[in-house]
Asks: 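Handing you a structure now.
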Amino acid sequence: MKITKIDHLGIAVNSIENGKSFWSDVLGLKFEGAETVETQKVTTAFFPVGESEVELLESTSPDGPVAKYIEKKGEGIQHIAFRVENIEEALQELKDKGIKLIDETPRIGAGGAKIAFIHPKATAGVLVELCQRD
Ligand code: ZN
């Protein structure tokens, strides 16, 4: 697979409204608006940083993956996302290598990106997202 860059860091917060002031007011990053992805029960907010972004994640439901993450580990970095050129190819390569995946096929994430998560059990505890943007 060809990984081209770190696409974004996903950071779980209780509230984007409260959480964004550090990133925008203190660090001066540009808040590019929030988007809810209903299928993931999450609202996301992106702050571009050079060629990558910081993504704040707020759960829309107590049983969503981000709410469960915060319940277990507290607020903080929840995942790292790598940009890939071809996500289907990347997933096939991982399957061929016997890597445990959360998403066997890509789904549509914020901004219309094709995304898929690799299981943290296969990555020494890091939730890794693959992300393809056309
Ligand atoms: Zn992400």
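Model, not experiment: these values are computed from the prediction. Start at 1 and go down the list; that is how both ligands and their atoms are numbered. Note: hydrogens, waters and symmetry copies are ignored here, and every other heavy atom, side chains too, is used.
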Asks: Which angle, to 10 degrees, forms at the Zn ion (ligand 1) with NE2 of His8 on one side and OE1 of Glu55 on the other?
Replies: 80°
Asks: Look at the side chain of Glu75 and the backbone N and O of Asn14, then say whether any donor-acceptor pair between them is shorter than 3.5 Å.
Replies: yes
Asks: Taking just the N, O or S atoms of His79, which one is nearest to the Zn ion (ligand 1)?
Replies: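 Of all N, O or S atoms in His79, the Zn ion (ligand 1) lies closest to NE2.
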Asks: In Glu129, the N, O or S atom nearest to the Zn ion (ligand 1) is which?
Replies: OE1
Asks: Scan Gln132, Arg133, Arg107, Gln40 and name whichever one has a side chain to side chain contact (heavy atoms under 4.5 Å, CB included) with Ile115.
Replies: Arg107
Asks: Using only atom types and a distance under 3.5 Å, with no angle test, would you say the side chain of Glu93 pairs donor to acceptor with the backbone of Met1?
Replies: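 Such a contact is found between Glu93 side chain and Met1 backbone.
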Asks: According to the interplanar angle, ranging from 0 to 90°, do the rings of His8 and Phe46 count as parallel (below 30°), tilted (30 to 60°) or perpendicular (above 60°)?
Replies: perpendicular
